[in-house]
Protein chains: 2
Amino acid sequence: MLNSSLDRTFAALADPTRRAMVERLVQGPATVSELARPLPMSLPAAMLHLKVLEDSGLVTSEKNGRVRTCRIDPARLSLAERWVSERRQMWEARLDRLGAFLDETEETP
Amino acid sequence: MLNSSLDRTFAALADPTRRAMVERLVQGPATVSELARPLPMSLPAAMLHLKVLEDSGLVTSEKNGRVRTCRIDPARLSLAERWVSERRQMWEARLDRLGAFLDETEETP
DNA sequence: CTTATTGTCAAGCGTTTACTTAAGTATTTT
DNA sequence: AAAATACTTAAGTAAACGCTTGACAATAAG
């Protein structure tokens, strides 16, 4: 399905814990522990959130030795941004058409 | 909480049914039935989705007589758009700083 | 070799989500 | 007034989420 990646991306961003992780990762790569440390939950819980972010494609990671380094994928951020932006633009385009129609209609009152 | 509106907005957009409703509403206002008709589910189910959209603030509605008319609130679309956009920009800013640093470091090789 | 660090897997539990069908209310239309 | 329309509420169910604790790697450091 074409949209299921949008599903997962928006769902990933719907949680404050996961947005906090994104917020951290836009400053640069981080390990699993670094991401989990500030969070008010157990490490396994944090890893589940991380898994949601990875499944959405917003975050990628690679393991070297015993440490896994995570980084954000800005392309996925753009994907979500673009969907919203395009819909807002459609809405604006409709308003423009409506305005033009009204201008035409009320010529020489 | 300041962020719970972002929570609800992203959560609302995470579902294909609700995105389809948004997609419809950017073309202009619609009634509950008009929104529900194309969907492969019962009317009450569609109304639950609509409620999620309203709770998020993405959609508003008013009832005249027996028909409820729904319209989108583009400001809420912008809210989501802006959050994503700002984070993507933070990520880009970091890359810029990194580039500048590397340029400085490798002067006169 | 022993120990600490870093991450992972699994089982369990309570809450929330996404529907369903059935019944009911308010407003038009005939 | 009777019937159709448009929406709303309620009750119930199955699946998904978010978290916990506990046990268990694998790697690095002393």
Side-chain angles (χ1 to χ4, degrees), chain A residues 1 3-25 28-72 80, chain B residues 1 3-25 28-72 80:
Chain A
M1 188 64 62
N3 285 337
S4 66
S5 80
L6 267 181
D7 288 14
R8 284 198 281 260
T9 301
F10 283 126
L13 294 176
D15 185 281
T17 296
R18 293 190 291 261
R19 284 200 307 278
M21 285 178 165
V22 168
E23 204 94 57
R24 168 64 187 78
L25 288 174
T31 68
V32 171
S33 311
E34 283 168 352
L35 288 175
R37 193 168 306 125
L39 301 176
M41 67 184 64
S42 67
L43 183 62
M47 290 195 56
L48 289 182
H49 284 292
L50 196 51
K51 179 170 178 6
V52 172
L53 285 167
E54 290 209 47
D55 288 349
S56 78
L58 279 166
V59 167
T60 60
S61 73
E62 52 176 341
K63 194 160 180 177
N64 296 78
R66 66 185 168 183
V67 42
R68 177 174 296 278
T69 302
C70 308
R71 48 193 91 240
I72 208 161
Chain B
M1 189 63 62
N3 285 338
S4 66
S5 79
L6 266 183
D7 287 14
R8 284 198 281 261
T9 301
F10 282 126
L13 294 176
D15 185 281
T17 295
R18 293 189 292 260
R19 284 200 306 277
M21 287 179 164
V22 168
E23 204 94 55
R24 168 65 187 77
L25 288 174
T31 68
V32 171
S33 312
E34 282 169 352
L35 287 174
R37 193 167 306 127
L39 302 175
M41 67 185 65
S42 67
L43 183 61
M47 291 196 55
L48 289 182
H49 284 292
L50 196 50
K51 180 170 176 8
V52 173
L53 285 168
E54 290 210 47
D55 288 350
S56 79
L58 279 167
V59 168
T60 61
S61 73
E62 51 176 341
K63 194 161 179 175
N64 296 79
R66 67 185 167 184
V67 39
R68 177 175 295 278
T69 302
C70 308
R71 49 193 90 240
I72 208 161

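A note on names: the letters A, B, ... follow the listed sequences, proteins ahead of strands, and every chain is numbered from 1.
- Within the 4.0 angstrom heavy-atom criterion, only backbone atoms of the sugar-phosphate kind lie near Thr31(A); the bases stay farther away.
- Arg37(A) comes within 4.0 angstrom of no nucleic acid atom, judged by non-hydrogen atoms across all strands.
- The side chain of His49(B) places an N or O atom within less than 4.0 Å of a non-bridging phosphate oxygen (OP1 or OP2) of dC19(C).
- Judged by distance alone with a 3.5 Å cut-off, no donor-acceptor contact links the side chain of Arg66(A) to the base of dT6(C).
- Where Asp15(A) and Val32(B) each meet DNA chain D at their nearest nucleotide, the meeting point lying more 5' is that of Val32(B).
- Side-chain atoms of Arg68(B) lie closest to dT8(D) of the nucleotides dT8(D), dC19(C), dA6(D).
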Run the numbers on Arg19(A) and Leu6(B) for side chain to side chain contact (heavy atoms under 4.5 Å, CB included), then give the verdict. CA-CA 10 Å; Arg19(A) 284 200 307 278; Leu6(B) 266 183; 3.8 Å; yes
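- Within the 4.5 Å cutoff, side-chain heavy atoms of Met21(A) are placed close to those of Leu53(A).
- Remark: C1' of dG18(D) and CG of Asp55(A) are 15 Å apart, rounded to the nearest angstrom.
- The separation between Leu50(A) atom CG and dG18(D) atom C1' is 15 Å, rounded to whole Å.
- Residue Leu13(A) contributes atom CG, which lies 15 Å from atom P of dC17(D) at whole-angstrom precision.
- Rounded to a whole Å, the CG atom of Leu48(A) is 15 Å from the P atom of dA16(D).
- Phosphate proximity of dC19(D) to Ser42(A): absent, as no side-chain N or O sits under 4.0 Å from OP1 or OP2.
- Comparing Met41(A) and Gly65(A) by the nucleotide of DNA chain D whose heavy atom lies nearest to each, the residue mapping closer to the 5' end is Met41(A).
- For the pair Glu62(A) CD and dT6(C) C1', the interatomic distance rounds to 16 Å; values are reported in whole Å.
- Between the CE atom of Met47(A) and the P atom of dG22(D) there is a distance of 19 Å, rounded to whole Å.
- In this structure the side chain of Leu58(B) reaches within 4.5 angstrom of the side chain of Leu13(B), judged on heavy atoms.
- Computed from coordinates, the Leu43(B) CG to dA4(D) C1' distance equals 15 Å when rounded to whole Å.
- Rounded to whole angstrom, the span from the CG atom of Leu39(A) across to the P atom of dT20(D) amounts to 11 Å.
- A heavy-atom distance below 4.5 Å is found between the side chains of Lys51(A) and Asp55(A).
- Between Asp15(B) and Val52(B) there is no side-chain heavy-atom pair separated by less than 4.5 Å.
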